[in-house]
Each structure stands twice: as C-alpha cells, then as structure tokens.
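Any value given below was found using the heavy atoms of this structure, including those in side chains, with hydrogens, waters and symmetry copies removed. Chain naming here is simple, since letters A, B, ... match the order of the sequence lines and numbering starts at 1 in each.
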There are 2 protein chains.
Amino acid sequence: MKRRDFGQYCGIARALELVGERWALLIVRDLLVRPRRYTDLQSGLPGIPTNVLSTRLKELEQAGVVERRVAPAPQRGVVYALTPVGQDLEPAVLALGRWGSAQLGEPQPGDHVSVEGVTLNMRAAFQPGQAEGVTASWEIRAHDIVLHAVLTDGKLESGVGPAPEPDLVITAKIDEDALPSFRAIVTAAKSGLVELTGRKKLLDTFLRVFTTPRPA
Amino acid sequence: MKRRDFGQYCGIARALELVGERWALLIVRDLLVRPRRYTDLQSGLPGIPTNVLSTRLKELEQAGVVERRVAPAPQRGVVYALTPVGQDLEPAVLALGRWGSAQLGEPQPGDHVSVEGVTLNMRAAFQPGQAEGVTASWEIRAHDIVLHAVLTDGKLESGVGPAPEPDLVITAKIDEDALPSFRAIVTAAKSGLVELTGRKKLLDTFLRVFTTPRPA
DNA sequence: CTGCATCCACTTTGATACTG
DNA sequence: CAGTATCAAAGTGGATGCAG
C-alpha cells in the first residue's frame with residue numbers, strides 16, 4: 001500500500017496525508033462521538049461506497065488513528081474506535097466544522113443529518129468563554145435525534161442519547177420534512193418553536209453557550 | 001462543473017466539500033502567509049501538477065476562498081490571495097498543523113520545506129498563554145529561509161522575510177543537507193546550535209512562546 | 001444479519017508537452 | 001508568466017457477491 005505524499009516536511013501536509021482523503025474526516029467525525037460498527041458507519045455516511053469505507057478504515061488504522069476492536073462476549077462483532085491520537089483530532093475537526101458551518105447555505109434536497117453530525121456541530125458551536133463556571137445539563141430532541149450536553153463548571157461533555165437527569169429537555173418543533181440540523185434546532189429555539197421540560201430559564205443559557213457565528 | 005458532495009448538512013462536510021480536495025489546503029496554507037502568483041505556488045508546492053493547480057484555484061475562487069487579482073501598474077501579472085472567508089480558515093489550518101506536527105516522523109528523502117510551511121508551523125506552535133503581555137521581535141534564519149515573528153503585547157504577527165528592527169536574530173546552524181524545518185530550527189535552538197544577534201535572552205522566550213508538543 | 005471483497009464504468013490525478 | 005492539452009494510471013461510486 002503505497003501512500004501518496006505531498007513531498008513536504010510540514011505538519012499540515014502530514015495531517016492531510018493521514019486524514020486528508022475523501023471521507024476520512026467524516027469517519028473520524030462519527031467516531032469522535034462514539035465507537036461504531038462497520039454498518040453503523042455505512043448508514044451514518046449515506047453515499048459512501050462500501051469498498052471506500054473498507055479502504056479508509058484500513059488506512060486510518062495503519063495511520064494509528066483508528067483502532068479495530070473485536071467486541072468480546074455479549075454483543076460480539078467488530079467495533080471501530082479512535083485511538084488517543086485519533087481523539088487528538090477533535091480540535092482540528094471542530095475548527096473545520098466552525099468554518100464550514102459559516103459556509104452552510106440552505107440544505108440541498110437529498111441532504112441528510114446524523115446524530116453524530118449534530119453532536120459535533122454542537123461541540124463546534126460551544127463557547128468556553130460563555131460557559132465559565134456554568135453547571136447545567138440539557139437533552140436536545142428533534143425528530144428522531146436525541147443528544148445531550150452536560151456542563152460541569154464550564155466543562156462540556158456531550159454525546160448521543162438522553163441525559164441522565166437533564167435540567168432541561170429541549171424538543172425542537174421542526175417541520176416534518178425539514179432537516180433536524182443543529183442550525184435548525186438553534187433557529188427553532190430562538191423562535192420559541194420548542195417544547196421545554198424542566199428549568200426553562202436554561203434555554204437562554206443554552207443559546208448563549210452554543211453560538212454559531214452568523215455566516216457573512 | 002458538478003460538485004461532488006457528501007450529502008450531509010453538516011459544517012464539517014461542507015468544509016470538506018469546499019477545501020477538502022487534494023492539494024487545496026496546501027494552497028490555502030501558502031496563501032495564508034502572503035498572496036502568491038501562479039508560478040510561486042507551483043514552486044512552493046513541488047509535485048503539484050499544473051493542471052491540478054489550475055483547477056483548484058478555479059474551484060477555490062468559486063468557493064469564495066481565493067481571489068484572483070490582476071496586479072496593476074508596476075509589476076503586473078496575476079496574483080492569488082485569500083478572501084476574508086479564506087483567511088477565516090487559519091484556525092482550522094493551524095489546528096490541523098498542530099496535530100500533523102505531532103505525527104511527523106523523520107523527513108523522508110525528497111521532502112521539501114518552504115518558507116510558507118515553516119511560517120505556518122511556527123504559527124501553529126504559538127502558545128498565546130505563554131505570550132501574554134510579551135513584546136519582542138525575532139528574525140529567524142536557516143539556510144535560505146528567512147522569516148520573522150513580532151509579538152506586541154502578546155499579539156503575534158508573522159511572515160516571510162526579515163523583521164524591521166528585530167530584537168534578536170536567530171540563525172540556526174542546520175546541517176547543509178538537512179531540512180530547515182521549523183522543528184529542526186527549534187531543535188537547533190534548544191541545543192545551542194544557533195548564532196544570535198541582539199538580545200540573547202530572548203531565545204528562551206522564543207522557545208517558551210513557540211512550543212511544539214512532543215509527539216507521543 | 002455483519003463485514004467486507006470483487007467487478008466495472010467513470011472521474012480525478014500525475015506527468016509531460018505545449019501555447020498566448 | 002500563466003496557464004491549456006493530452007494521456008496513462010490511480011481512485012471513486014455503484015452494484016453485487018459471499019463467507020462467518
């Protein structure tokens with residue numbers, strides 16, 4: 001397996017050699033949220049050819065970014081997860097996501113949204129400066145998407161699924177045929193198109209702590 | 001010109017659609033340092049096929065990342081520069097560069113180093129926390145590479161070429177046949193393999209402010 | 001079922017040559 | 001200087017096959 005390189009001794013070039021190929025960073029994005037199986041990745045990345053997914057996983061494994069685990073006793077099967085090196089990609093992925101979010105136009109017909117995507121876009125929107133000292137937890141729901149954000153003294157933990165004891169559950173009322181993207185959720189929240197269960201005042205906190213800078 | 005997209009309404013996917021193709025971010029890297037002409041880019045990116053450079057520049061222009069300027073009176077010709085949107089990519093490029101720098105092994109035979117690469121790797125190594133309140137300027141030299149870093153009350157300005165009135169000129173003594181990468185420069189500085197002109201105590205400051213985390 | 005491998009049409013890349 | 005033209009090789013997307 002010969003790697004095509006850029007012939008530059010440079011951190012950026014190296015990064016692109018390791019995770020710059022098509023679909024690679026989207027695989028990493030999904031794995032940043034939680035370990036996934038082959039078919040999970042496949043369905044979370046609509047349009048990825050199966051052989052490309054297979055190839056990428058091998059390359060990422062060889063690059064030391066992804067780890068292939070054969071799950072043990074109970075639910076056996078293969079699970080892909082990020083190595084510590086792979087997890088170190090999070091700041092870079094979030095930075096890219098911030099920039100990309102500002103360049104998002106309207107959803108194209110055929111676009112999909114995954115929980116992983118929404119979770120990462122939420123993390124990208126996180127403003128540590130606005131969160132200092134804040135402790136609170138949210139559960140966010142839209143269509144069939146459920147995720148949570150837990151702030152503990154300004155530190156963020158986030159992931160898929162319900163929060164254990166959410167201070168506030170935000171259910172965004174998004175049009176049946178519209179996409180439940182993070183942006184759409186925030187827009188809904190700003191317009192009051194949400195159902196709130198819990199400490200309703202924490203909605204403003206949420207909107208302050210998770211801010212997508214307006215696209216120019 | 002049909003864009004292949006990822007079918008996801010997600011900031012990361014959007015970013016990859018706009019600047020995720022081969023060579024694109026390296027072009028952006030070079031332009032983050034200074035506007036360049038076609039042939040400058042070509043020689044700074046050894047190995048890029050000319051038709052690919054041409055195609056990328058058109059795509060990046062259409063994406064609103066790069067601007068094609070026909071230079072006026074004196075030195076006429078075409079100059080490529082980043083738009084404000086393109087400049088907003090800097091945090092993402094630096095984050096990728098930080099990660100990639102940690103994954104750099106030894107230079108491969110045939111690897112090149114460009115001033116643009118060194119400059120960006122230096123910016124990626126910048127630790128704002130260590131620079132608070134610091135005002136100083138350095139000129140860094142190695143082989144035929146010359147760049148500068150000017151800290152004004154903790155704010156960094158950096159670029160190619162000599163500094164106007166450098167507080168310290170650091171000339172790294174790097175083996176004739178070794179690459180003058182930023183990493184090599186830092187290594188040389190740590191080993192005292194440098195020639196210093198000016199306020200020699202600022203070498204330690206430099207090393208503290210520009211720190212590449214050790215690769216694991 | 002999951003986790004791929006194989007096959008094939010199509011597109012992109014890389015290398016080189018050439019032009020206004 | 002600033003690209004276009006050409007063409008072989010590699011990579012991608014889509015469909016299908018198949019073992020555990």
| note | From CD of E59(A) across to P of dA10(D) the rounded distance in Å is 15 Å

| field | Test item: E139(A) side-chain N/O and E165(A) main-chain N/O as donor-acceptor pair under 3.5 Å | value | no

| remark: Looking only at dG13(D), dG3(C), dC4(C), the nucleotide nearest the R4(B) side chain is dG13(D)

| query | Looking only at N and O atoms, is any donor in the side chain of N51(B) or the base of dG14(C) less than 3.5 Å from an acceptor on the other one? | reply | yes

| said: I need the CG-P distance between L16(A) and dT13(C), as an integer number of Å. | reply: 14 Å

| request: Rounded to the nearest angstrom, tell me the gap between atom CG in D40(B) and atom C1' in dA2(D). | output: 11 Å

| field | Nucleotide dT12(D), atom P - distance to CZ of R56(A) in whole Å | value | 4 Å

| query | Given atom CZ of R69(B) and atom C1' of dC1(D), what is their separation to the nearest angstrom? | reply | 18 Å

| Charged N-O contact under 4.0 Å between E195(B) and R141(B) | no

| message | I need the CG-P distance between L53(A) and dG11(D), as an integer number of Å. | response | 17 Å

| field | Polar side-chain atom of R36(B) near backbone of L31(B) as donor-acceptor pair, under 3.5 Å | value | no

| message | If you compare every side-chain N and O of K58(B) against the phosphate oxygens of dA2(D) (OP1, OP2), does one of them come in below 4.0 Å? | response | no

| Integer-rounded Å distance: dG11(D) C1' and E21(A) CD | 9 Å

| Taking E17(B) for the side chain and F6(B) for the main chain, is one N or O donor matched with an acceptor at less than 3.5 Å? | yes

| task | Choose from dG3(C), dA5(C), dG14(C) the nucleotide whose nearest atom is closest to any side-chain atom of R68(A). | result | dG3(C)

| field | Note: K58(B)-E61(B) ion pair, threshold 4.0 Å (strictly below) | value | no

| remark: R22(B) CZ to dA9(D) C1', in whole Å, measures 14 Å

| task | Give one of base, sugar-phosphate or nothing for T50(B), where a contact means two heavy atoms less than 4.0 Å apart. | result | base

| task | Choose from dG14(C), dC4(C), dT4(D) the nucleotide whose nearest atom is closest to any side-chain atom of W23(B). | result | dG14(C)

| request: Between G47(B) and Y38(A), just flag the one whose closest nucleotide in DNA chain C comes earlier from the 5' side. | output: Y38(A)

| task | Compare the minimum distances between each of dT12(D), dC4(C), dC1(D) and the side chain of R37(B), then state the nucleotide with the smallest one. | result | dC1(D)

| field | Closest to the V52(A) side chain, choosing from dT12(D), dC4(C), dT4(D) | value | dT12(D)

